[in-house]
Amino acid sequence: MAFRTIIEPFRIHSVEPLRLTEPDQRRDAIRAAGYNLFGLSARDVMIDLLTDSGTGAMSRDQWAAIQHGDESYAGSPSFDIFRGAVQNLFPFKHIIPTHQGRAAEKILFGVIGGPGKVVPNNTHFDTTRANVEYTGAEALDLVIAEGRDPASRHPFKGNMDTSALDRLLTARGHLVPAVMLTITNNSGGGQPVSLANIRAVSEVAHRHGKPLILDACRFAENAWFIRQREPGQQDRQVADIVREIAGLADGMTMSAKKDPMGNIGGWLAVNDDDLAESCRNLLILTEGFPTYGGLAGRDLEALAQGLTEVVDHDYLRYRIRSTGYLGEALAAAGIPVMQPIGGHAVYLDARAMLPHLEPLEYPGQSLAVALYVAGGVRGCEIGSVMFGRHPDGTEAAAAMELVRLAIPRRTYTQSHIDYVIEVCQQVAASAAGLPGYRIVREPKSLRHFSAVFEPIPS
Ligand SMILES: *Cc1c(COP(=O)(O)O)cnc(C)c1O
């Protein structure tokens, strides 16, 4: 590459206005939302980095595919197009569409979960953990030690500790219905899993007679990291790496709101005929007929097109470089960020930025509120608010206190990101004065979505 500037490999085709607001307006809005960023009206947000889930821009060709959607209740040709696009990358035998990833999880664990069972993963995403625990099973995180250390530069911090997995399967294997592996490891910082580790996890699981199920939401970003960082992978097509990964597994859950470039959608895929039949029976109860699941025919077509775009190397180079651009600029400004920079998000280390707060004064929440008030930038706490409350009712500090700035796909330009960098710098300069928070009200599970907070007076 002769030039340093990462240009977006697309130009803008239709625009959406951003409402520009002032700090006073935002202070009122966040107070009214109970200091919970999920409680804001998106009209009051300027740069929305809450999540990369379903927030990306669809392409011209995806909008065209929407017009091709066939809304037949049963046997829609749109389903064949969707299934073909999925199987082109993930050649699993049964492809079961759902309205999003958690619906696939609910159905899968509804069949294979249950009281006393244990489900290992590198790190369970929040909805995955909740769906495992809802059945009475235990959700166990077995990520490598480097994956819990925000400063470690390990190139594949999403890797699973395969010795710990082997020990678990030796000691309690009869309780384990399946091994899960999340690529990239979202809750662990959007960190990739190496191909060598996926091969090793597959070997251990299969040696113990257990199926390996991928939580593959960011498979293309993970495969790009493999291509960039793993010896011997540099000359491969991302699509081929993805096919190899799929071949090491026995099924997958998927949120099509991530790498498949959809605004909604998901699927469950398995090879096992009996498991597929049980899952389809639950699908009909909660989602719909197996040729549309929880989706319209037009959605299935948009996803099929999105799957061809996400494995494009120009797109992935831009995607990973532009996320790195934000992370590297923050690090250069002395702001502690999780290293190396992940694929879909930059994670600010709130414990390091707000050392005057105890973990249960929620430094991540405090930082996320401050970024919103200062610049209208909405991020997401990933720390003791999200993970601190345990199913038995006790509360304990999470392993890390992070604020995730997730980057929607193909949505913001470099000048938006330059603005975010300035906002972070301003907040970092005054971080010592930020208050802790206490929770006034919270629901029984997934409390980060609806808890009400108040600042602790200093
Ligand atoms: C988003 C996500 C899910 C859940 O998918 P939804 O479409 O939000 O229900 C599961 N696992 C991971 C890793 C995710 O990022």
Side-chain angles (χ1 to χ4, degrees), residues 38 49-56 86 90 96-110 113 119-134 139 141-143 147 157-160 178-193 198 212-223 225 245 249 251-269 283 286-287 293-295 299-300 302-303 306-307 310 319 323 342-347 379-380 382 386-387 402 404-409 445-446 448-449:
F38 286 94
L49 308 182
L50 184 69
T51 174
D52 64 323
S53 178
T55 52
V86 173
F90 303 97
I96 301 171
T98 60
H99 77 280
Q100 46 182 105
R102 67 197 67 185
E105 294 166 353
K106 172 93 168 89
I107 289 168
L108 177 67
F109 297 118
V119 180
N121 204 329
N122 41 357
T123 310
H124 288 269
F125 180 65
D126 58 356
T127 61
T128 321
R129 169 173 292 278
N131 272 305
V132 168
E133 290 174 349
Y134 186 76
D141 291 342
L142 297 180
V143 73
K157 287 171 80 170
N159 282 357
M160 185 182 266
V179 175
M180 298 282 300
L181 193 64
T182 306
I183 58 170
T184 58
N185 192 24
N186 184 355
S187 306
Q191 300 292 335
V193 181
I198 301 171
L212 171 61
I213 309 287
L214 302 169
D215 178 344
C217 297
R218 298 180 183 79
F219 67 93
E221 294 173 9
N222 199 105
F225 280 122
I245 293 171
M252 70 192 295
T253 57
M254 188 69 185
S255 171
K257 303 172 72 171
K258 317 289 173 49
D259 271 353
M261 305 275 202
N263 298 126
I264 195 70
W267 67 84
L268 172 63
L283 183 84
T286 59
E287 294 285 293
L295 295 170
D299 298 326
L300 295 170
L303 296 178
L307 284 172
V310 76
R319 170 75 176 157
T323 304
H344 68 291
V346 173
Y347 293 70
C380 181
I382 303 217
M386 190 178 273
F387 298 117
L402 304 173
R404 183 184 70 185
L405 303 179
I407 317 293
R409 293 171 181 74
S445 70
L446 296 176
H448 53 288
F449 288 129

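Both counts, for ligands and for their atoms, begin at 1 and track the order of listing. All of these numbers come straight from a predicted model, not from anything done at the bench.
- How far CG of N122 is from CG of D215: 8.5 Å, rounded to the nearest 0.5 Å.
- The main-chain N or O of K258 is never found under 3.5 Å from a side-chain atom of R218 such that the two would form a donor-acceptor pair.
- In summary, the atoms of ligand 1 found under 4.0 Å from a heavy atom of K257, numbered by their order in the structure, are 7 (O).
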- Could you go through the side-chain hydrogen bond (donor to acceptor under 3.5 Å, both in side chains) check for N121 and R129 one step at a time? CA-CA 10 Å; N121 204 329; R129 169 173 292 278; over 6 Å; no
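- In terms of N/O distances under 3.5 Å, ligand 1 is approached by R218.
- Counting only distance, with no hydrogens or angles, the side chain of N159 and the backbone of V193 share no donor-acceptor pair below 3.5 Å.
- When hydrogens are left out, the protein atom nearest atom 6 (P) of ligand 1 is Q100 NE2, 3.2 Å; that is the closest non-hydrogen contact.
- In terms of protein heavy atoms, atom 5 (O) of ligand 1 is closest to S255 CB, 3.2 Å.
- Considering backbone and side-chain N/O of T182, none are found under 3.5 Å from N/O of ligand 1.
- Considering CD1 of I264 and CG of D299, their distance stands at 7.5 Å, rounded to 0.5 Å.
- Scanning the protein heavy atoms around atom 10 (C) of ligand 1, the nearest turns out to be E105 OE2, 3.1 Å.
- Here the straight-line distance linking atom CG of D141 with atom CG of N185 works out to 8.0 Å at 0.5 Å rounding.
- Summarising the local packing, OH of Y134 is surrounded by 12 or fewer heavy atoms from other residues, nucleotides or ligands at distances under 6.0 Å.
- In terms of protein heavy-atom proximity, atom 4 (C) of ligand 1 is nearest to T127 OG1, 3.5 Å.
- Ion pairing between E287 and K106 fails under the 4.0 Å rule for side-chain N and carboxylate O.
- Residue contacts with ligand 1: D215 is placed with a nitrogen or oxygen under 3.5 Å of a nitrogen or oxygen of the ligand (distance criterion only).
- Here's the thing with C217: none of its N/O atoms is less than 3.5 angstrom from an N/O atom of ligand 1.
- Residue, atom and distance of the protein heavy atom nearest to atom 2 (C) of ligand 1 are K258 NZ, 2.4 Å.
- Protein heavy atom closest to atom 8 (O) of ligand 1, with residue, atom name and distance, is R102 NH2, 2.9 Å.
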